[in-house]
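Notes for the one structure printed next.
Order of appearance sets the numbers: ligands from 1, and atoms from 1 within every ligand. The first residue in the sequence is number 1, and the count goes up from there.
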Amino acid sequence: MQVSKTFKRIIFLELAIPVALLTIGIYHGLMQTIYRAGVLRDVSFLKLDYYQGLTLHGVINAIVLTTFFAVAFGHVTIAFYFKKEPNKKLMWLGFWLKVTGTAMAAWAMLAGKASVLYTFYPPLKAHPLFYLGAALLIVGSWVPLFDWARMYTSWKKENPTTKTPLAVLGTLINFIIWFVCTLAVAYEVLVLLIPWSMGWTKGVNVNLARTLFWFFGHALVYFWLLPAYVMFYTVLPKVAGGKLYSDLAGRIALFLFLLFSIPVGVHHQYSDPTITQGVKFFHGLLTYGVAIPSFITAFTLAASLEYAGRKNGGKGLLGWMKRLPYFDKTRFLFPYFICGLILFVFGGVTGIINASYSLNSVVHNTAWMPGHFHMTIAGPVFLAIIGMSLYLYSNMSGKKIFMLNVATIIPYLWMIGMLVFSFGMSWGGLRGEPRRTNLGTTYLNPESPLYRSDWVPTTMLALFGGIIMFIAGMLFLVVFFGTILRKKSVEGKLEIPVSEAYHDEKRIPIFDRFKPWIVTMIIVLLLAYVPALLNVNKNSGPKAPPYNIDNPVPVVTGKK
Ligand code: HAS
């Protein structure tokens, strides 16, 4: 499909800006492992301190990259399946809001005025521009939803009995989840944090802020995941050489995410004393519910891959696995997808462990947690994002991929690094190693009375894995920007591989309509969150004054 120059320009910018920022994000990932292994026993390096680096790492990799990509991929998906481009003025508006927000937050972080980590829990206090920047980034990502909804409604009017393309369904579901969950964080930022950070209010209700954050925060992880799922359902079977096992399975899984992605946030607050056990139990139960669509996905994708492997000549019980295009340069997206999926098997299992109220008390706030989430966001999500960014850029620009051989092995290198890193973190977590801690200044410093020699192997493994990932990440940047610098060799166009369905079930209206699902979503949300908020309202202590991360004394704001 041919697309306009403006459309291309916006998509290229939305892909390239966050990939460029990855240089900072990936560098600080490596630095984390160096500090934590005690190789560097200082609070800062090159004038950037530990928590400043950790904030940059989390915000760039987990918020900026994922949000820019979700919007760009959404635009591309909608344009490709509806054969119509979204409104360019709105595309630019969303883009500039996101860029301005990112620039504001980046200034605050780089100036050392927002070392509050990506969760920005109060009473840690950031500069108001950090919060305002985050809010603008979010508002910028809302804009396209309204335009896509308009396009969807008019398409549906013309095609009332045609099934909505699975990729479009996934994109719309994802942005509906995103819109609803970000309302809570918008309230947290605009009503609680900005006035407090400006010194207009003396204190902040820390429990309320955390509860609002996690209303947003767990749905956020599915906002990261769903673009990857859209690719796994609609692109992966095709590039593997087969078909999607069941189209309906994909629809069911995606609609289940609409129901269960948000009302599970309290599983991040099992240790918060303000929330009662009944509410925690209910959120825990729903957390097992949100794993179901991923189990459906695991089965459907495995069946799709088996079909592809057999079509490619695979025989016997497991022989099909050997016939998948692991190193086929002409289908280089496959390695990015399969490595992500392999990592997600471990990411998923560790997530289910976290969901258990009792097991959570063993692993909460330990290094186990980054062990878990790196095998999710830095596994299927990250690999799908970088693979698809490269694919889209190359196709739409008409430029051949620079060092295609290297591009094909990067995901394997990343996966190996990630497995080593996450094994080290998870093992360390089980031995009590804390997360978000500069271990080099204390526990991993042999001169400190707190020294823990049993954390040497675990942090060394994490360091070793971190180095491998750093190399893979840098190679990707060379490949991506090398491709940008190339001359175009063919006319660029927008092409996405489309998987046919092996079981293309008849249209079932309930799985092709949003209204009943949105209504159920609201009911489940109310059941899960009204009691949680009532708990917070009843059990919260006095409001907290602001703190900086490096000082146990409150920051003084306003008049004394
Ligand atoms: Fe999580 C904490 C529970 C999924 C990210 N999670 C986090 C944090 C992050 C995160 C960032 O219940 C830390 C937040 C912070 O900073 O404090 N998580 C879960 C559960 C799931 C889950 C039950 N998490 C994710 C995903 C993430 C993510 C996805 C990012 C994208 N998580 C928790 C809990 C906590 C938590 C607690 C709080 C802990 C605490 O105490 O703080 C589920 O959705 C997982 C379901 C997944 C599966 C896996 C399906 C497998 C598939 C692969 C199939 C493979 C194939 C390949 C087909 C059931 C689909 C075959 C191979 C061949 C070669 C053929």
Side-chain angles (χ1 to χ4, degrees), residues 54 58 61-63 66 70 117-121 210 213-214 216-229 232-233 236-237 240 242 245 253 256-257 260-261 264-272 280 283-309 314 318 320-326 334-335 337-357 359-366 368-385 415 429 435-436:
L54 185 51
N61 297 0
I63 310 281
T66 49
L117 312 184
Y118 89 104
T119 40
F120 48 85
Y121 291 149
R210 281 169 64 83
F213 181 85
W214 285 117
F216 151 81
H218 199 81
L220 167 72
V221 314
Y222 297 112
F223 175 69
W224 298 335
L225 185 68
L226 287 199
Y229 268 25
F232 296 156
Y233 276 106
L236 168 69
Y245 182 69
L256 287 179
F257 277 115
F260 293 128
S261 289
V264 293
V266 169
H267 73 219
H268 292 265
Q269 296 175 273
Y270 283 153
S271 307
D272 283 19
K280 288 174 183 170
H283 279 244
L285 215 61
L286 293 175
T287 305
Y288 291 112
V290 81
I292 293 171
S294 287
F295 279 122
I296 297 176
T297 305
F299 173 81
T300 313
L301 297 184
S304 312
L305 291 176
E306 178 177 352
Y307 177 78
L318 297 175
W320 57 270
M321 281 196 192
K322 293 192 210 138
R323 291 303 182 106
L324 294 170
Y326 297 105
F334 186 81
F337 294 160
I338 197 75
C339 290
L341 284 169
I342 293 171
L343 285 170
F344 197 40
V345 172
F346 301 100
V349 170
T350 48
I352 290 165
I353 292 172
N354 300 343
S356 146
Y357 193 7
L359 289 181
N360 186 276
S361 61
V362 179
V363 292
H364 182 62
N365 274 347
T366 69
W368 168 277
M369 220 39 78
H372 156 63
F373 69 69
H374 279 83
M375 290 186 291
T376 56
I377 174 155
V381 173
F382 180 71
L383 287 172
I385 289 181
M415 178 180 71
R435 69 183 281 199
R436 295 177 151 174

Close N or O approach (Ala355, ligand 1; < 3.5 Å): yes
Nitrogen or oxygen of Arg435 less than 3.5 angstrom from that of ligand 1: yes
Tyr229-Tyr222 aromatic ring centre distance below 6.0 Å: no
Approximate separation, where rounding is to 0.5 Å, of Leu305 CG and Arg323 CZ: 15.5 Å
Polar atom proximity, His372 to ligand 1 (N or O, under 3.5 Å): yes
CZ (Arg436) with more than 12 external heavy atoms under 6.0 Å: yes
Tyr121 N/O to ligand 1 N/O under 3.5 Å: no
Val221, portion touching ligand 1 at heavy-atom distance under 4.0 Å: both
Tyr233 and Ser304: side chain donor to acceptor below 3.5 Å: no
Atoms in ligand 1 with a heavy atom of Trp224 nearer than 4.0 Å: 11 (C), 30 (C), 31 (C)
Close aromatic pair by centroid cut-off 6.0 Å: Phe216 and Phe213: yes
Euclidean distance, Ile377 CD1 relative to Trp224 CH2, rounded to 0.5 Å: 4.0 Å
Protein residue, atom and distance nearest to atom 52 (C) of ligand 1, heavy-atom basis: Phe344 CD2, 3.6 Å
Min heavy-atom dist Trp214 to ligand 1 below 4.0 Å: yes
Pair listing, salt bridge (charged side-chain N to carboxylate O under 4.0 Å, His left out) test, anchored in residues 290-306, at least two apart: Glu306-Arg310
Under 4.0 Å to a heavy atom of Ala298 - the qualifying atoms of ligand 1, by number: 51 (C), 52 (C), 54 (C), 58 (C), 60 (C)
Any N, O or S atom of His218 closer than 2.8 Å to atom 1 (Fe) of ligand 1: no
Non-hydrogen atom of Phe232 closer than 4.0 Å to ligand 1: no
Sub-4.0 Å atoms of ligand 1 with respect to non-hydrogen atoms of Val381: 31 (C)
Nearest neighbour in protein (non-hydrogen) for atom 23 (C) of ligand 1: Gly351 O, 3.4 Å
Shortest protein contact, atom 10 (C) of ligand 1 (heavy atom only): Phe373 CB, 3.4 Å
Heteroatom proximity flag, Tyr222 to ligand 1, N/O under 3.5 Å: yes
For ligand 1, the portion of Asn354 having any non-hydrogen atom under 4.0 Å away: both
Trp320 N/O under 3.5 Å from ligand 1 N/O: no
Residue part near ligand 1, for Tyr118, under 4.0 Å between non-hydrogen atoms: side chain
